[in-house]
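Single-structure report; data block below.
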Number of protein chains: 2
Amino acid sequence: MKLPPLVQAFVLHFGEMGSRWGINRTVGQIYALLYVSPDPLNAEQIVEALGVSRSNVSMGLKELQAWNLAIPKHIPDDRRDHFTTPDDVWQILRTLAEERKKREVDPTLSVLRELLMQTPGSVEERHAQQRMAEMHGLIEQLTTWYDDVKKLETERLASLLALGARVTRLLEAKDKVVGLVRGRPGKEG
Amino acid sequence: MKLPPLVQAFVLHFGEMGSRWGINRTVGQIYALLYVSPDPLNAEQIVEALGVSRSNVSMGLKELQAWNLAIPKHIPDDRRDHFTTPDDVWQILRTLAEERKKREVDPTLSVLRELLMQTPGSVEERHAQQRMAEMHGLIEQLTTWYDDVKKLETERLASLLALGARVTRLLEAKDKVVGLVRGRPGKEG
DNA sequence: CCGACATTTCAGGAATTTCTGAAATATCGG
DNA sequence: CCGATATTTCAGAAATTCCTGAAATGTCGG
């Protein structure tokens, strides 16, 4: 691997973190490399930069494309595929959230739904089902919120983030004034 | 593994998902089992329920404790350690977020900070640093928001979630009325 | 259809992670 | 301190995941 020191450090870090993020080292490194690269790179350039096999790069790029984290960019008069990462970091965040939800949350949600349909055959199963219902409720609430928030444009999302928890205070104030929660007064004393 | 069908299905699912969550099968299964169990379980009971080795359970429990996802419960007149999961699913969510942040985000944040301190030695490094700065900015904003929000009690967090993206509309309305953003008028036309 | 080049597939070896059984350590009542 | 019981450690076996090189497949201009 022959890369400017700064880039190399970044790439190596992403490789190491890979396992914690549920991707493998090469995939992490390829992503990092594409992310900081000023121009789209082709597979051969990645091979040279990272010192891994051509086939490994091919598989890594395929996985990154499945994650929508590497996008092919055609370079005129060049038959080889070139790749970049989406350049807007907010878009990357959305993509990441979407894909992780799809892979890590949705399957569990559907299993929970299925199990909650069944009739418990014992006290233990009855209790287990109650716990599953709690988990299901939480996940459903989170995903509903997520589906809702992901539609926001970057600018609004950003300003919402910037507001942080202060948002509650604002809402409470507003609650009192406008009677937002359908006539009920504010909750806190 | 001899478990009521409902429980078994749940446990097996968590085992399978384990790899996607970055934990191993046994750890996932132990967690699932404890989660749906009406009473705290000791290591031997887990061994019997899951059909894995005693030592594996020991290691699994240790890891879950490191994640604060298994908590020891002392049973009177019994020398053996018994374990449960925290019962409030919201608390579990917080714990999970906290631990994942610590393991998956913080190291990257500190690497980024370090690399951003260095002086770039070429145009490529200059560009790479700019990209890193973008990533750093995003992560920092997210963690600031997270630090802020995690202090909210469950009830407020829940009602904030329930509000979802509608929160922006409320804020815009309020913005216009109260002049929240320090005298600036609302942004959209 | 051919030849040149680009990419993908895939069997099997390498590396890593997980799991086990045996031994070591810890903790308790007496 | 002893014996009984509970837990942890850890070396190596088992399982899984990752990576490579070779072969197959795809794609283009001519």
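Because the structure is predicted, anything quoted here is derived from the model rather than measured. We use all heavy atoms of the structure for the numbers below, so side chains are in, but hydrogens, waters and symmetry mates are not. Letters go in sequence order (proteins before strands), and every chain restarts at 1.
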Legend entry - Charged N-O contact under 4.0 Å between A:Lys150 and A:Glu98: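 A salt bridge links A:Lys150 with A:Glu98.
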Legend entry - Residue-phosphate contact under 4.0 Å: B:Lys62 side-chain N/O, D:dT9 OP1/OP2: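 B:Lys62 to D:dT9 OP1/OP2: side-chain N or O found under 4.0 Å.
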Please list, chain by chain and in numerical order, all residues satisfying side chain to side chain donor-acceptor pair (under 3.5 Å) with [X], sequence neighbours excluded.
| X | value |
| --- | --- |
| A:Asp106 | A:Lys101 |
| B:Glu140 | B:Arg113 |
| A:Arg131 | A:Glu134 |

Inset, instruction - Examine distances only and state if a side-chain atom of A:His127 and a backbone atom of B:Val36 form a donor-acceptor pair shorter than 3.5 Å. - result: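 At least one qualifying donor-acceptor pair exists.
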Inset, instruction - For the pair A:Gln129 (side chain) and A:Gln118 (backbone), establish whether a donor and an acceptor sit closer than 3.5 Å, ignoring hydrogens and angles. - result: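 The answer is yes, because a donor-acceptor pair under 3.5 Å joins these two groups.
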Inset, instruction - Could I get the full list of ring-ring contact (aromatic ring centres under 6.0 Å, His included) partners for A:Phe14, not counting sequence neighbours? - result: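 So A:Phe14 forms a ring-ring contact (aromatic ring centres under 6.0 Å, His included) with A:Phe10, A:Trp21.
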Integer-rounded Å distance: [N] [atom2] and [X] [atom1]:
| X | N | atom1 | atom2 | answer |
| --- | --- | --- | --- | --- |
| B:Glu44 | D:dA6 | CD | C1' | 10 Å |
| A:Ile46 | C:dA6 | CD1 | C1' | 14 Å |
| B:Asn42 | D:dT8 | CG | P | 12 Å |

Legend entry - Pairing residues for A:Leu142 by the side-chain contact (heavy atoms from CB on, under 4.5 Å) criterion, not counting sequence neighbours: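 In terms of side-chain contact (heavy atoms from CB on, under 4.5 Å), with neighbours along the sequence ignored, A:Leu142 is linked to A:Leu138, B:Leu93, B:Leu161.
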Inset, instruction - Taking side-chain contact (heavy atoms from CB on, under 4.5 Å) as the test, write out the residues that go with A:Thr84, two or more places apart. - result: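 A:Pro40, A:Ile71, A:Lys73.
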Inset, instruction - State whether A:Trp67 and A:Arg103 meet the cation-pi test: NZ (Lys) or CZ (Arg) under 6.0 Å from the six-membered ring centroid, and within 45° of the perpendicular axis. - result: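 Yes; both conditions hold, so A:Arg103 lies above the ring face of A:Trp67.
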Close N or O pairs between protein and nucleotides 19-22 of chain D (under 3.5 Å):
| unit_1 | atom_1 | unit_2 | atom_2 | d |
| --- | --- | --- | --- | --- |
| D:dC19 | OP1 | A:Thr26 | OG1 | 3.0 |
| D:dC19 | OP2 | A:Asn24 | OD1 | 3.3 |
| D:dC19 | OP2 | A:Thr26 | OG1 | 3.1 |
| D:dC19 | O5' | A:Asn56 | ND2 | 3.4 |
| D:dT20 | OP2 | A:Ser53 | N | 2.8 |
| D:dT20 | OP2 | A:Ser53 | OG | 2.9 |
| D:dT20 | OP2 | A:Asn56 | ND2 | 3.0 |
| D:dG21 | N7 | A:Ser55 | OG | 3.3 |
| D:dG21 | O6 | A:Ser55 | OG | 2.6 |

Identify every side-chain donor-acceptor pair in residues 41-50 of chain B under 3.5 Å, counting partners at least two apart or on other chains, and give the distances.
| unit_1 | atom_1 | unit_2 | atom_2 | d |
| --- | --- | --- | --- | --- |
| B:Asn42 | OD1 | B:Glu44 | N | 3.0 |
| B:Asn42 | OD1 | B:Gln45 | N | 2.8 |
| B:Gln45 | OE1 | B:Asn42 | N | 2.8 |

Inset, instruction - Would you check if there is a donor-acceptor pair between the side chains of A:Asn68 and A:Thr95 at a distance under 3.5 Å? - result: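 On atom types as modelled, these side chains do not qualify, holding no pair under 3.5 Å.
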Inset, instruction - Could I get the full list of salt bridge (Lys or Arg N to Asp or Glu O under 4.0 Å) partners for A:Arg80, not counting sequence neighbours? - result: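 Testing A:Arg80 for salt bridge (Lys or Arg N to Asp or Glu O under 4.0 Å), a comparison that skips the adjacent residues, returns A:Asp78.
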Inset, instruction - Under 4.0 Å from any atom of DNA chain C, heavy atoms only: list the residues of residues 10-23 of chain B that qualify, in numerical order. - result: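 Nothing qualifies; none.
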Legend entry - For DNA chain C, the residues among residues 73-86 of chain B that have a non-hydrogen atom under 4.0 Å from it: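 B:Arg79 - these, ordered by number, are the residues of the stretch whose heavy atoms sit under 4.0 Å from the strand.
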Legend entry - Axial bend angle, the helix from C:dC1-D:dG30 to C:dG30-D:dC1: five-pair end segments, nearest 10°: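 Computed angle between terminal axes is 40°.
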